[in-house]
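Down below is the structure, laid out as structure tokens.
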Amino acid sequence: MYLVDLLFPNRCLECNRIIPAEEVVCGVCFEQVHFTHHQFLENNLLVEKCRLLFPVEHAVALMQFEEESTSRKIIHQLKYGKREKIGEILAKWTLERIDFLPFKPDIFATVPLHPKKLKERGYNQLHLFADTLSKELDVPCDHHLIERNFYKKAQAQKNRDERTYKEQLFSVTKEISNQHVLLIDDVFTTGNTMSAIAWEVLKAGNNKVSVLVMAVD
């Protein structure tokens, strides 16, 4: 055990109990995580949500994202707590619960941060998650396939030119066609972000789109 582990032990995000460095919650609090039990080839609520916005082949979420839930705390720490390693933990949980075989996608693509946001945060919370899945499933992952064109939405655009803004929010950076692309994000709420990206991928060529998120609201 390292001195830093003695001085600053890893603690459960839910109950503050000391836990091993490679974990995020203790065994007791792990039982409080609300997993969706989605399967890649089965219909579910996320599939229905997506199909209201864009054509989707499959869609799965690892967890439910209720207010004050353990899953919300986990993802909040991943995004804002400088705990990038949580992405690897969530990927392992995903592999234990979701079977992507036999119809694996051709490529994984993560939702990008704007370069300014990436510099502020220091990392994209999706990259380690997606890279872990990519390695285990032997599917290539491209973190640069999708580009975010705006840092944030200007206040004046909130009630004006909404459609134009959404259409220009993301771009596909490379030629891609006849590919089944799995789009990866942390939380699916309104679906606006995922929809904007999906349409760009679909317009880029004769592509198919599926969705994987860490949690669905």
Side-chain angles (χ1 to χ4, degrees), residues 40 46-47 49-62 75 78-80 84 86-88 90-91 94 100 103-154 156-158 161-216:
F40 195 57
L46 181 57
V47 172
K49 285 176 175 283
C50 289
R51 285 179 176 164
L52 292 173
L53 301 169
F54 57 91
V56 68
E57 299 297 311
H58 312 289
V60 286
L62 174 64
I75 292 178
L78 170 63
K79 293 179 70 172
Y80 309 114
E84 184 180 9
I86 290 176
E88 184 176 10
L90 293 180
T94 300
F100 293 90
F103 300 105
K104 291 193 299 184
D106 297 310
I107 187 171
F108 295 161
T110 49
V111 173
L113 296 175
H114 188 275
K116 186 175 180 180
K117 175 66 73 174
L118 182 60
K119 185 176 180 180
E120 291 174 355
R121 185 171 296 172
Y123 60 94
N124 183 314
Q125 72 274 10
L126 302 174
H127 286 185
L128 186 55
F129 175 77
D131 288 341
T132 303
L133 294 175
S134 172
K135 181 179 178 180
E136 292 297 324
L137 296 172
D138 193 27
V139 174
C141 182
D142 191 339
H143 298 309
H144 306 289
L145 179 63
I146 310 298
E147 180 179 72
R148 185 182 290 266
N149 299 323
F150 299 104
Y151 173 57
K152 62 181 179 179
K153 188 173 180 180
Q157 289 177 309
K158 288 191 174 180
D161 298 330
E162 178 74 14
R163 181 176 178 181
T164 301
Y165 171 80
K166 287 181 179 178
E167 290 177 350
Q168 297 176 348
L169 184 56
F170 297 98
S171 300
V172 175
T173 63
K174 307 170 185 177
E175 290 188 7
I176 179 172
S177 61
N178 298 306
Q179 296 290 294
H180 182 185
V181 182
L182 180 68
L183 301 177
I184 298 176
D185 202 0
D186 46 26
V187 181
F188 189 102
T189 51
T190 64
N192 288 338
T193 295
M194 191 63 74
S195 178
I197 294 174
W199 281 113
E200 292 301 320
V201 172
L202 292 168
K203 288 190 300 183
N206 186 29
N207 299 308
K208 298 178 181 178
V209 166
S210 288
V211 168
L212 167 64
V213 292
M214 297 173 180
V216 58

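Owing to the predicted nature of the structure, the values given are computational and were not obtained by experimental measurement.
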Q.
Heavy-atom count check: over 12 atoms from other residues, nucleotides or ligands less than 6.0 Å from Glu175 CD?
A. no

**Q.** Heavy-atom pair with the smallest gap, counting every atom of Val56 and Cys50
**A.** CG1-CB, 3.7 Å

Q.
Is it the case that over 12 heavy atoms from other parts of the model lie below 6.0 angstrom from the NZ atom of Lys104?
A. yes

Q.
Which heavy atom of Ala130 sits nearest to which heavy atom of Thr110, and what is that distance?
A. CB-CG2, 3.5 Å

(Q) If you compare all heavy atoms of Leu78 against all heavy atoms of Glu84, which two are closest, and at what distance to 0.1 Å? (A) CD1-O, 3.7 Å

Q: Find the distance between CD (Glu200) and CZ (Phe54) and round it off to the nearest 0.5 Å.
A: 13.0 Å

Q. Is there a donor-acceptor pair closer than 3.5 Å between any side-chain N or O of Asp106 and the backbone N or O of Gln179?
A. no

Q.
On a heavy-atom basis, which atom in Leu46 and which in Ala59 lie closest, and how many Å separate them?
A. CG-CB, 3.8 Å

Q) Got Pro112 and Glu147 here, is their nearest side-chain heavy-atom distance under 4.5 Å? A) no

Q.
Less than 4.5 Å apart, side chain to side chain, heavy atoms only: is that true for Arg121 and Lys79?
A. yes

**Q.** Student check: side-chain heavy atoms of Phe129 and Thr94 closer than 4.5 Å
**A.** yes

**Q.** Shortest non-hydrogen contact between Pro105 and Val139, atoms and distance
**A.** O-CG1, 3.6 Å

Q) Is there a side-chain contact between Phe170 and Thr193, using heavy atoms and a 4.5 Å cut-off? A) yes

Q: Measure the shortest side-chain to side-chain distance between Ile146 and Val111 over non-hydrogen atoms and say whether it is less than 4.5 angstrom.
A: no

(Q) Can you tell me how far apart CG (Leu212) and CG (Leu183) are? Round to the nearest 0.5 Å. (A) 10.0 Å

Q. What's the spacing between Asn192 CG and Met194 CE if we round to 0.5 Å?
A. 11.5 Å

Q. Side chains of Ile176 and Lys174: does their closest heavy-atom pair fall under 4.5 Å?
A. no

Q.
Can you tell me how the ring of Phe100 sits relative to the ring of Phe108, calling it parallel under 30°, perpendicular over 60° and tilted otherwise?
A. tilted

Q | Reported CG-to-CG distance for the pair Asp138 and Leu133, which is rounded to 0.5 angstrom | A | 12.5 Å

Q: Taking all non-hydrogen atoms of both residues into account, name the closest pair between Asp185 and Leu126 and its distance.
A: C-CD2, 3.5 Å

Q | Nearest-0.5 Å distance that lies between atom NE2 in His143 and atom CG in Asp131 | A | 3.5 Å

Q. Say you draw a straight line from CG of Asn206 to CG of Asn178; how long is it, rounded to the nearest 0.5 Å?
A. 5.0 Å

Q: For side chain to side chain contact (heavy atoms under 4.5 Å, CB included), just list the numbers for Val187 and Val213, CA-CA rounded to whole Å, side-chain angles, deciding distance to a tenth of an Å, and then say yes or no.
A: CA-CA 6 Å; Val187 181; Val213 292; over 6 Å; no

